Amino acid sequence: AQSVTQLGSHVSVSEGALVLLRCNYSSSVPPYLFWYVQYPNQGLQLLLKYTSAATLVKGINGFEAEFKKSETSFHLTKPSAHMSDAAEYFCAVRLKGTARQLTFGSGTQLTVLP
Amino acid sequence: DSGVTQTPKHLITATGQRVTLRCSPRSGDLSVYWYQQSLDQGLQFLIQYYNGEERAKGNILERFSAQQFPDLHSELNLSSLELGDSALYFCASSPTGTTEAFFGQGTRLTVV
């Protein structure tokens with residue numbers, strides 16, 4: 001079975017600083033990997049996905065993530081944080097094949113300080 | 001707007017009651033997924049339907065059931081409700097042949 005670990009349930013950064021949200025996965029085979037964002041009282045919005053093409057994936061709102069098989073990691077980064085980035089971020093994994101449901105990490109709440 | 005519509009947005013009900021949550025997937029999406037988000041369990045997969053048939057089951061309680069209708073909308077039925085069932089319930093739909101899932105805004109269920 002696959003699983004996802006997000007290190008740090010709360011991360012605070014200053015506006016303009018680098019954002020780094022950590023995600024490690026456990027899977028018997030290389031999975032598909034996703035980052036979703038959830039704003040207060042909203043649904044989940046897909047930021048980016050890794051589907052075994054390029055290992056560096058660019059997403060919306062200036063976010064990107066790098067798939068590192070050797071480290072079983074898929075960390076999310078953004079060079080310069082904006083106040084509007086404050087939200088909860090979820091890393092998710094999905095196996096290839098017929099099992100298409102997502103397994104989510106526990107989430108990281110990002111706070112951006114002025 | 002993801003194109004996935006969930007109703008109602010909020011629901012308050014008493015313990016022991018039964019409720020039905022509704023989901024309309026994006027136009028053309030055959031797959032519908034239900035997830036539960038709670039403070040203690042996080043985001044958990046409940047069940048998936050594909051073109052009217054149950055495709056996968058996750059951590060769904062026996063008191064819960066779902067179905068997908070010929071027009072592809074889905075309903076999640078929760079019965080004999082307990083305080084611990086209070087959560088945000090999400091529906092997601094996925095186009096066939098893609099890896100993405102698009103989430104609705106969720107239904108916030110409060111059991112009192």
Side-chain angles (χ1 to χ4, degrees), chain A residues 1-10 21 23 25 27 29-54 57-60 65 67 74 87-109, chain B residues 1-10 21 23-26 29-51 53-60 66 87-108 110:
Chain A
Q2 68 275 20
S3 66
V4 178
T5 301
Q6 289 185 242
L7 295 175
S9 58
H10 291 85
L21 305 183
C23 172
Y25 70 91
S27 174
V29 295
Y32 296 128
L33 293 157
F34 306 82
W35 276 99
Y36 282 85
V37 61
Q38 184 179 26
Y39 298 101
N41 301 314
Q42 298 285 319
L44 295 160
Q45 181 183 10
L46 181 65
L47 275 179
L48 48 79
K49 63 179 181 179
Y50 167 75
T51 57
S52 73
V57 181
K58 294 189 185 299
I60 62 171
F67 171 70
F74 190 57
E88 187 150 25
Y89 292 79
F90 292 92
C91 183
V93 63
R94 202 205 95 186
L95 290 179
K96 299 174 186 177
T98 56
R100 301 187 64 196
Q101 66 269 26
L102 294 165
T103 298
F104 286 91
S106 54
T108 298
Q109 182 68 46
Chain B
D1 183 5
S2 67
V4 178
T5 303
Q6 290 186 247
T7 56
K9 285 189 168 45
H10 301 276
L21 312 184
C23 169
S24 294
R26 297 182 342 140
D29 288 358
L30 302 181
S31 278
V32 170
Y33 306 79
W34 286 98
Y35 291 86
Q36 180 196 59
Q37 184 179 32
S38 62
L39 284 175
D40 53 345
Q41 299 288 332
L43 264 163
Q44 288 200 97
F45 167 70
L46 295 178
I47 197 164
Q48 178 203 356
Y49 277 81
Y50 178 83
N51 201 21
E53 292 189 2
E54 182 184 303
R55 181 60 66 91
K57 248 183 177 177
N59 297 323
I60 188 166
L88 196 49
Y89 291 84
F90 285 111
C91 169
S93 74
S94 185
T96 302
T98 73
T99 57
E100 295 172 42
F102 297 88
F103 283 76
Q105 299 282 291
T107 293
R108 183 169 295 281
T110 303

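FYI, side chains are in, hydrogens and waters are out, and symmetry mates aren't considered; it's all heavy atoms of this structure. Residue numbers start from 1 in every chain, and the chains themselves are labelled A, B, ... in the order their sequence lines are given, proteins ahead of strands. Note that this is a predicted model, so its numbers are computed, not measured.
Residues Ser94(B) and Glu100(B) are not in side-chain contact: their nearest non-hydrogen atoms beyond the backbone lie 4.5 Å or more apart. Counting heavy atoms from C-beta on, the side chains of Cys23(B) and Phe90(B) never come closer than 4.5 Å.
Heavy atoms of Tyr35(B) lying under 4.5 Å from chain A belong exclusively to its side chain. Only the side chain of Gln38(A) comes within less than 4.5 Å of a heavy atom of chain B; its backbone N, CA, C and O stay farther away. Both the backbone and the side chain of Leu44(A) have a heavy atom closer than 4.5 Å to some heavy atom of chain B. For Gln6(B), no part lies under 4.5 angstrom from a heavy atom of chain A. Heavy atoms of Ile47(B) lying under 4.5 Å from chain A are absent altogether.
Shown here are the side-chain hydrogen bond (donor to acceptor under 3.5 Å, both in side chains) partners of Thr103(A), two or more places apart in sequence or in another chain: Gln2(A). Not counting sequence neighbours, the partners of Thr51(A) by the side-chain contact (heavy atoms from CB on, under 4.5 Å) test are Tyr32(A), Lys49(A), Thr99(B).
Under 3.5 Å, the side chains of Tyr33(B) and Gln101(A) contain no donor-acceptor pair of N or O atoms.
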